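Have a look at the structure below, then the notes.
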Amino acid sequence: MLQLLAGAGWSSLPALPLIRQPTLILAGDDDPIIPLVNARIMGRLLPHARLHVYSDGHLGLVTSAEELAPLVAGFLRDEA
């Protein structure tokens with residue numbers, strides 16, 4: 001309950017344009033917990049973001065590991 005309360009009263013949106021670190025955003029198009037629009041907003045506000053939308057839900061790194069693991073590895077390799 002306290003975690004939900006904290007999330008309702010704080011936003012990182014104003015700080016996102018200040019982040020210069022390359023960022024990979026993974027978002028499922030069938031996520032019942034975090035709407036896809038959140039990832040799209042972050043992708044637009046983070047200056048060096050790469051957004052990848054996959055066909056799955058909130059646990060995509062587990063349920064779609066075959067698709068997403070190479071993307072994460074490639075991102076890390078490119079940014080190293």
Side-chain angles (χ1 to χ4, degrees):
M1 181 68 161
L2 292 176
Q3 186 177 9
L4 291 174
L5 183 61
W10 185 83
S11 174
S12 63
L13 289 178
L16 294 182
L18 304 174
I19 296 173
R20 299 292 174 226
Q21 184 67 30
T23 307
L24 176 62
I25 302 169
L26 299 175
D29 63 2
D30 190 28
D31 188 335
I33 298 172
I34 301 176
L36 182 55
V37 68
N38 288 23
R40 294 195 189 283
I41 291 169
M42 287 191 317
R44 288 197 177 141
L45 290 177
L46 285 162
H48 304 286
R50 185 185 319 169
L51 172 61
H52 178 79
V53 179
Y54 56 89
S55 297
D56 204 342
H58 191 72
L59 299 176
L61 284 173
V62 174
T63 57
S64 296
E66 305 82 26
E67 173 191 352
L68 298 178
L71 286 170
V72 172
F75 175 80
L76 294 173
R77 202 171 26 254
D78 293 345
E79 300 305 325

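We use all heavy atoms of the structure for the numbers below, so side chains are in, but hydrogens, waters and symmetry mates are not. These numbers come from a predicted model, not from an experiment.
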Residues 32-48, side-chain donor-acceptor partners within the protein, below 3.5 Å, at least two apart:
none

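In the hydrophobic clustering of this structure, Leu51 does not group with Val72; members are Ile, Leu, Val, Met, Phe, Trp, Tyr whose side-chain heavy atoms approach within less than 4.5 Å, directly or through other members. Residues Leu16 and Leu24 are members of separate hydrophobic clusters, defined by side-chain heavy-atom contacts under 4.5 angstrom among Ile, Leu, Val, Met, Phe, Trp and Tyr.
Atom-to-atom distance recorded for Ser64:OG and Leu71:CG is 10.5 Å, nearest 0.5 angstrom. Rounded to the nearest 0.5 angstrom, Ile25 CD1 and Thr23 OG1 are separated by 6.5 Å. Atom CG of residue Asp29 and atom OH of residue Tyr54 lie 9.0 Å apart, to the nearest 0.5 angstrom.
Residues satisfying the side chain to side chain donor-acceptor pair (under 3.5 Å) test with Asp31, not counting sequence neighbours, are His58.
Minimum interatomic distance between Ser11 and Pro14 (heavy atoms only, all atoms of both residues): O-CD, 3.8 Å.
Proximity of Glu67 to Asp56: side-chain heavy atoms (C-beta onward) are nowhere separated by under 4.5 Å.
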